[in-house]
Colleague: 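For reference, the structure I am asking about is given below.
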Amino acid sequence: SMKTKIIETILPTTLGILTVLGLLVVFNIIVHNGDAFNSPDNVFFKLFVPTATIIALTIQFTLTIPFWKKFKTQKKVLGLTLFQFTALLCIISGLTFGLVFWETSFGISELILVSLTGIIAFTVYWTVNLLTLRQLDKRIN
């Protein structure tokens, strides 16, 4: 039903993003002594988070749910299991994130650090997202 699709779109996405943001805040508090919401990061929270949320919701609705349903009926899609597919997605997304947000003046170690951060963030996001979808499936069926 449409109601189910709306829940499957909003709930896993929101929980995934909130978990990543929660970890970012905790990380910021540990690394930057609690200055997580200081002026430079304000742009991040005001601009990046809403934009990322809209993109994530769109991806969830148009790609994640159809792929999720495919993986439920077939053990492999494009020759990959759900775990392999998700792991590959996290690595590619993380490396892309690294390239996009890498400040070249900081050198290659910065690229590696930003890419790793991206990979971790996407892994956390997709783990929470897919586990939430699995729980929703159990409730619905």
Colleague: Specify the closest pair of heavy atoms between Ile59 and Trp126, including all atoms of both residues, with the distance to one decimal.
Modeller: CG2-CH2, 4.3 Å
Colleague: State, yes or no, whether a side-chain contact exists between Pro66 and Thr62 at a heavy-atom distance under 4.5 Å.
Modeller: no
Colleague: Quick one, Asn129 and Leu15 - any side-chain contact, counting heavy atoms below 4.5 Å?
Modeller: no
Colleague: For a 4.5 angstrom cut-off between non-hydrogen side-chain atoms, does Phe97 reach Ile119?
Modeller: no
Colleague: Find out if a path of hydrophobic residues (ILVMFWY) with successive side-chain heavy-atom gaps under 4.5 Å connects Leu116 to Tyr125.
Modeller: no
Colleague: Mind checking what makes side chain to side chain contact (heavy atoms under 4.5 Å, CB included) contact with Lys5, not counting sequence neighbours?
Modeller: Thr9, Phe61, Ile65
Colleague: Indicate the atoms forming the closest heavy-atom contact of Thr81 with Phe71, along with that distance.
Modeller: C-CE2, 3.6 Å
Colleague: Answer yes if Val100 and Ile54 sit in the same cluster of Ile, Leu, Val, Met, Phe, Trp and Tyr residues linked by side chain heavy atoms under 4.5 Å apart, and no otherwise.
Modeller: no
Colleague: Hey, are the side chains of Ile10 and Gln60 touching, using non-hydrogen atoms and a 4.5 Å cut-off?
Modeller: no
Colleague: Taking Trp102's backbone N and O only, do any of them form a donor-acceptor pair with Glu110's side chain (distance below 3.5 Å, no angle check)?
Modeller: no
Colleague: Is the count of non-hydrogen atoms from other residues, nucleotides or ligands lying under 6.0 Å from Lys69 atom NZ greater than 12?
Modeller: yes
Colleague: Same cluster or not: Leu23 versus Ile17, using hydrophobic residues (I, L, V, M, F, W, Y) connected whenever any side-chain heavy atoms lie under 4.5 Å apart?
Modeller: yes
Colleague: If you measure from NZ on Lys70 to CG on Leu78, what distance do you get to the nearest 0.5 Å?
Modeller: 7.5 Å
Colleague: For Asp137 and Glu8, work out which heavy atoms get closest and say how close.
Modeller: OD1-OE2, 3.8 Å
Colleague: Find out if a path of hydrophobic residues (ILVMFWY) with successive side-chain heavy-atom gaps under 4.5 Å connects Leu24 to Phe101.
Modeller: yes
Colleague: Taking all non-hydrogen atoms of both residues, which atom of Leu113 and which atom of Thr117 are closest, and how far apart?
Modeller: O-OG1, 2.7 Å
Colleague: Once you round to the nearest 0.5 Å, how far does CG of Leu82 lie from NZ of Lys75?
Modeller: 9.5 Å
Colleague: Measuring from atom CD1 of Ile120 to atom SG of Cys90, what distance do you get when rounded to the nearest 0.5 angstrom?
Modeller: 11.0 Å
Colleague: Which distance, rounded to the nearest 0.5 Å, do you find between the OG1 of Thr86 and the CG of Leu130?
Modeller: 5.0 Å
Colleague: If hydrophobic clusters are built by linking Ile, Leu, Val, Met, Phe, Trp and Tyr wherever their side-chain heavy atoms come under 4.5 Å apart, do Leu89 and Ile55 end up in the same one?
Modeller: yes
Colleague: Nearest 0.5 Å, please: how far is OG1 in Thr104 from CG in Leu111?
Modeller: 10.0 Å
Colleague: Would you indicate whether the side-chain heavy atoms of Phe106 and Val114 approach each other to under 4.5 Å?
Modeller: no
Colleague: Test side chain to side chain contact (heavy atoms under 4.5 Å, CB included) on Thr53 and Val49; report intermediate values, then the result.
Modeller: CA-CA 6 Å; Thr53 305; Val49 174; 4.0 Å; yes
Colleague: Can you sort out the partners of Leu80 under side chain to side chain contact (heavy atoms under 4.5 Å, CB included), two or more places apart, ordered by chain and number?
Modeller: Gln84, Phe85, Leu88
Colleague: Consider side-chain contact (heavy atoms from CB on, under 4.5 Å). Of Thr64, Val128, Leu57, which one does Thr13 pass it with?
Modeller: Leu57
Colleague: What's the shortest heavy-atom distance between Gly98 and Ser115, and which atoms?
Modeller: CA-OG, 3.4 Å
